[in-house]
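All remarks here apply to the structure that follows.
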Amino acid sequence: MLAELFAVMAPVLAGAGLGFTWVRMGHAYPVDFITRLVFNIGTPALVLASLSGAEIDASTFGRTMLATALVIISMAAATFVVAKLLRHDWRVLLAPMMYPNTGNMGLPVVLYAFGSAGFAYGITIMVTVSLFQFTLGTILASRGNPLKALAKTPTVYAIVIAMALLLTDTSLPLWLANSVDLMSGFTVPLMLITLGVSLASIQVKSLRSGVAFSMVRIPLAAAAAWLIGQALGLPPMAQSILVLQMSMPVAVFNYLFAQKSGREPAYVASLVFCSTLLALLYLPVLLALLM
């Protein structure tokens with residue numbers, strides 16, 4: 001099991017390592033340009049490519065989406081307590097508390113652990129997290145009019161289109177699907193390389209803080225997901241996948257939002273990095289309990 005999990009996480013470590021090495025060798029890296037490119041082109045394409053062909057019924061989609069939303073809201077409320085515990089600004093911790101890596105890390109783990117039957121639940125959770133992240137996240141990261149910033153965020157429109165395609169069981173035309181798939185290909189690699197660029201400036205103190213944050217967040221997320229799943233009467237598989245997905249490491253997108261808003265991106269990068277490394281230790285235990 002550890003070998004399979006490492007195979008999922010190895011690209012994350014490799015991409016970040018490439019960015020880290022690139023900067024350490026003295027090469028320039030246009031962080032602002034890459035961030036705009038990923039947000040405005042790559043991410044909308046990735047959302048459409050990932051979700052437009054998924055198979056899930058409306059009832060399953062709705063119940064799992066509600067459960068995921070309640071977990072996200074619960075984690076947002078817990079941020080204020082965690083911020084006092086860690087003695088850090090709640091504005092910096094809010095997004096990492098709310099948004100785990102349910103996409104490029106969560107979905108492969110769900111597919112490996114639960115097969116195609118559970119993959120639809122994993123997709124639904126990813127859609128919900130993305131919807132929160134690219135609406136509320138955009139508003140919080142904006143420096144001017146938040147509604148104007150939201151209206152100018154292409155990913156929000158991509159999520160709406162993808163949800164409509166899911167619920168109506170409609171597929172994109174082949175020419176458009178192929179184009180979107182091609183454009184989505186650069187998104188995750190550039191995110192990971194940019195993460196590594198930021199990690200090059202991280203201090204040891206930030207790494208300690210990243211481990212402490214992960215040790216607090218992961219049990220809270222797992223407990224919230226389990227309790228909410230029980231309260232809503234989710235099917236056992238759906239509840240297990242909800243716990244698994246919401247316990248994933250901090251999403252790389254949180255770093256990009258921190259970069260965009262200027263809220264301690266190096267610190268947020270340490271949260272992403274440390275939680276991803278710790279996943280090698282806790283995910284096998286969590287899967288043994290859930291499967």
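Note that the numbering runs from 1 along the sequence shown for the chain.
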Closer than 3.5 angstrom, by distance alone: can the side chain of [X] be matched with the main-chain N or O of [Y] as a donor-acceptor pair?
| X | Y | answer |
| --- | --- | --- |
| Q245 | I125 | no |
| N254 | V268 | no |
| W22 | A28 | yes |
| Y282 | S247 | yes |
| T21 | L18 | no |
| R63 | P235 | no |

Gap between atom [atom2] of [Y] and atom [atom1] of [X] - 0.5 Å precision:
| X | Y | atom1 | atom2 | result |
| --- | --- | --- | --- | --- |
| S275 | N101 | OG | CG | 8.5 Å |
| L281 | L286 | CG | CG | 13.0 Å |
| M75 | L70 | CE | CG | 13.5 Å |
| R91 | T79 | CZ | OG1 | 12.5 Å |
| T124 | I241 | OG1 | CD1 | 9.5 Å |
| L165 | S171 | CG | OG | 7.5 Å |

Which side-chain N or O atoms in residues 221-230 pair as donor and acceptor under 3.5 Å with protein atoms at least two apart or in another chain?
unit_1 : atom_1 : unit_2 : atom_2 : d
Q230   : NE2    : Q239   : OE1    : 3.2

Exercise. Salt bridge (Lys or Arg N to Asp or Glu O under 4.0 Å) with R36: which residues, sequence neighbours excluded?
Worked result: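 With neighbours one apart ignored, the set is empty.
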Closest non-hydrogen atom pair, [X] against [Y]:
| X | Y | value |
| --- | --- | --- |
| S214 | L278 | CB-CD1, 3.5 Å |
| A212 | L86 | CB-CD2, 4.2 Å |
| V272 | A251 | CG2-O, 3.6 Å |
| V197 | V31 | CG1-CG2, 4.1 Å |
| A78 | L220 | CB-CD1, 4.5 Å |
| F132 | Y99 | O-OH, 3.5 Å |

Please name all residues satisfying side chain to side chain contact (heavy atoms under 4.5 Å, CB included) with [X], sequence neighbours left out, ordered by chain then number.
| X | answer |
| --- | --- |
| F186 | L37, I41, L190 |
| P219 | none |
| P173 | W175, L176 |
| S240 | F114, L290 |

Test of understanding: clusters of I, L, V, M, F, W, Y form through side-chain heavy atoms closer than 4.5 Å, transitively. Do [X] and [Y] belong to the same one?
| X | Y | result |
| --- | --- | --- |
| M183 | I34 | no |
| I161 | L182 | no |
| M98 | L66 | yes |
| L94 | V81 | no |
| F80 | V71 | yes |

Exercise. Tell me, do L283 and L244 make a side-chain contact under 4.5 Å, heavy atoms counted?
Worked result: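 The answer is yes; the side chains approach within 4.5 Å.
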Exercise. Mind checking whether M97 and F213 have side chains closer than 4.5 Å, heavy atoms only?
Worked result: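 Yes; the side chains approach each other to less than 4.5 Å.
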Exercise. Could you go step by step and tell me if I72 and M246 meet the side chain to side chain contact (heavy atoms under 4.5 Å, CB included) rule?
Worked result: CA-CA 8 Å; I72 293 172; M246 300 312 293; 3.9 Å; yes
For this session: Verify whether the ring centers belonging to Y267 and H88 lie closer than 6.0 Å.
Result: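 Yes, the ring centres sit under 6.0 Å apart.
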Exercise. Does the side chain of T194 come under 3.5 Å of the side chain of Y29 through a donor N or O and an acceptor N or O?
Worked result: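 Yes, Y29 and T194 have a side-chain donor paired with an acceptor closer than 3.5 Å.
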